[in-house]
Amino acid sequence: MSFPKIIIDIEKIRSNAHYIAEYGKQFGVEIMGITKGVCAISSVVEAFRQGGVRKFGDSRLHNIKEMRNAGFQEPIYMIRLPMLSEAEEVVCWADGSMNSEVETIKKLSEKANLYNKQHKVILMVDFGDLREGILPDDILSTVGEIITLPNIEFEGLAINQGCIGGTIPNLESMQLLSVLGQDIEKLYGINVNVLSGGSTATLNLLDKNFSSLKINQLRVGEAILLGQDTTNARIISGTSRDTLTLQTEVIEVKKKSSCPRGQIGRDAFGNIPVFADRGIIRRAIVGIGLQDCRIDSLTPADDGINILGASSDHLVLDVTSSPEVKLGSIIEFRMTYSAMLGLMTSKYVSKECI
Ligand SMILES: *Cc1c(COP(=O)(O)O)cnc(C)c1O
């Protein structure tokens, strides 16, 4: 079995999916399971499904095709704005998509018409996180433009927070989304079937007088995959966090100085490294590096081990307090969402489901 390797505990992910799906149900909120964090590998998508998730979303067309080819029948949404150049494939492979550009929706309409398909459109609203989305003042006119388009079903609105701007979802933004939904229904006499209140970062609002609002969907990845909510810096009780573990193999162990010798220039990535002088320490190198993931997003499972630095393919550890570490030892790490993205995408990291 080759290293580095990521071990995926399918039962824990199934149980997390079940917990989150049931939790949402309690508040009348459907959970769209977001699969991009694990590149939508089928064993994990199946774990979501077995946990009770009945709708999927992914940001990459490639992953959506793989889910379809693996035989998943549930509705699948393209949650990143489709590119004009992929409109044709988006209507062929996905049931719906998140959008913010009328021109793109026109293209989706044209292609859906060509293939005689109905494509569902959810409009992204930007309440200030400043990633994608239509500004609230422009929502009504945008809806007016798209409800006349053939083969397009306007399904509702979605909000995204905690992404680029780091804004924390609050009841006020949920209220604004609800009101926008009502305004659309009044003005155009249509139903707004989906009000999607955000991601994992919105879960903690569900028990805060949420039911007075009309929000009926959340798009959740991190809470199911890692049992945590990075935006609000919290652990989600009721879920497991040890779902994914990285295993790496030691390729060198030597006693060396804690400080580099020689004139200091820049490291392999242009930074000037700084090391405290702690005399001679025991250093181990494992075979993984920055080509695979952001190293500062890894945490050694053994608290006695510290990360000293990394280059493209080498990760250097201080193993002074872990004398059992030797050449060929396997060192385990926990990971954040960003490390998971990198590791799952890296073709150099093998994936094993248990
Ligand atoms: C990634 C993503 C999500 C899921 O976010 P989590 O923090 O993993 O729950 C939801 N919506 C959109 C648009 C996304 O890109």
Side-chain angles (χ1 to χ4, degrees), residues 13 16-17 19-21 23-24 29-40 44-45 47-48 51 53 55-64 67 75-83 90 94 96-101 104 120-134 155-169 173-174 177 194-206 215-236 238-239 241 243-244 297 335-345:
I13 292 177
N16 285 359
Y19 179 83
I20 298 292
Y23 188 70
V29 170
E30 148 191 80
I31 301 298
M32 178 188 281
I34 304 302
T35 50
K36 67 187 180 207
V38 288
C39 305
V44 175
V45 181
F48 274 40
V53 172
K55 197 176 258 186
F56 301 118
D58 203 287
S59 48
R60 308 283 172 147
L61 191 53
H62 179 95
N63 294 348
I64 294 175
M67 282 191 264
I76 305 180
Y77 284 69
M78 173 83 181
I79 60 164
R80 187 177 69 188
L81 311 176
M83 298 173 197
V90 168
S97 54
M98 309 292 179
N99 285 276
S100 69
E101 292 283 0
T104 307
K120 295 186 166 68
V121 164
I122 296 178
L123 292 181
M124 293 298 305
V125 191
D126 191 333
F127 282 134
D129 198 60
L130 302 180
R131 200 177 72 181
E132 79 277 38
I134 299 161
E155 202 179 23
L157 305 176
I159 179 178
N160 218 11
Q161 292 181 297
C163 285
I164 298 280
T167 58
I168 292 177
S173 46
M174 298 302 127
L177 192 63
V194 171
L195 287 178
S196 190
S199 61
T200 292
T202 308
L203 276 171
N204 67 344
L205 293 181
L206 292 195
I215 310 299
N216 59 5
Q217 181 186 88
L218 291 185
R219 312 174 306 273
V220 179
E222 186 179 25
I224 298 176
L225 295 169
L226 294 171
Q228 64 188 30
D229 167 4
T230 302
T231 304
N232 292 294
R234 72 183 187 113
I235 289 167
I236 297 176
T239 61
R241 293 177 69 217
T243 43
L244 295 156
S297 303
M335 65 196 76
T336 63
Y337 197 88
S338 87
M340 168 176 69
L341 285 173
L343 294 167
M344 289 302 297
T345 307

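For the single chain, residues carry numbers from 1 onward in sequence order. Counting starts at 1 for both ligands and their atoms, in listed order.
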Task: Numbering as shown, the atoms of ligand 1 that approach Y337 to under 4.0 Å (heavy-atom distance) - done: 8 (O)

Open item on the list: Is it true that, when you exclude R60 itself, more than 12 heavy atoms of the residues, nucleotides or ligands shown sit nearer than 6.0 Å to its CZ?
Closed with: no

- [ ] Have a look at K36, Q161, M340 and point out the one with the heavy atom closest to atom 14 (C) of ligand 1.
- [x] K36

Task: Within-cut-off N or O pair, G221 and ligand 1, under 3.5 Å - done: yes

Open item on the list: For E30, is the CD atom crowded, meaning more than 12 foreign heavy atoms sit under 6.0 Å from it?
Closed with: yes

- [ ] Quick one: look up the protein heavy atom nearest atom 9 (O) of ligand 1 and list residue, atom name and how far away it is.
- [x] T200 OG1, 2.6 Å

Open item on the list: Can you see whether S199 engages E222 through a side-chain donor-acceptor pair at a distance of less than 3.5 angstrom?
Closed with: no

Open item on the list: Assess whether a salt bridge exists between K36 and D58, defined as any Lys/Arg side-chain N lying under 4.0 Å from an Asp/Glu carboxylate O.
Closed with: no

- [ ] Without swapping roles, check the side chain of T35 against the backbone of F56 for a donor-acceptor pair under 3.5 Å.
- [x] no

Open item on the list: Out of all atoms in ligand 1, which are within 4.0 Å of some heavy atom of R131? Include the element for each.
Closed with: 13 (C), 15 (O)

TODO: Look only at the side chain of D229 and the backbone of R234, and say whether a donor-acceptor pair between them is shorter than 3.5 Å.
DONE: no

Open item on the list: Is there a polar contact, in the sense of an N or O pair closer than 3.5 Å, between E132 and ligand 1?
Closed with: no

Open item on the list: For the CG atom of N160 and the CG atom of D126, what is their distance to the nearest 0.5 Å?
Closed with: 8.5 Å

TODO: Please report which non-hydrogen protein atom sits nearest to atom 5 (O) of ligand 1, along with the residue it belongs to and the distance in Å to one decimal place.
DONE: S199 CB, 3.3 Å

Task: Closest protein heavy atom to atom 8 (O) of ligand 1, given as residue, atom name and distance to 0.1 Å - done: E222 N, 2.8 Å

TODO: Determine whether the side chain, the backbone, both or neither of N160 has a heavy atom under 4.0 Å from any heavy atom of ligand 1.
DONE: side chain

Open item on the list: Counting non-hydrogen protein atoms only, what is the nearest one to atom 12 (C) of ligand 1? Give residue, atom name and distance.
Closed with: I79 CD1, 3.6 Å

Open item on the list: Rounded to the nearest 0.5 Å, what separates atom CD in Q228 from atom OG1 in T336?
Closed with: 7.5 Å

TODO: Check ligand 1 against V220 and write out every atom of the ligand that is under 4.0 Å from a heavy-atom position of the residue.
DONE: 9 (O)

Open item on the list: Checking a contact table here: which protein heavy atom is nearest atom 11 (N) of ligand 1, and how many Å away?
Closed with: R219 NE, 3.0 Å

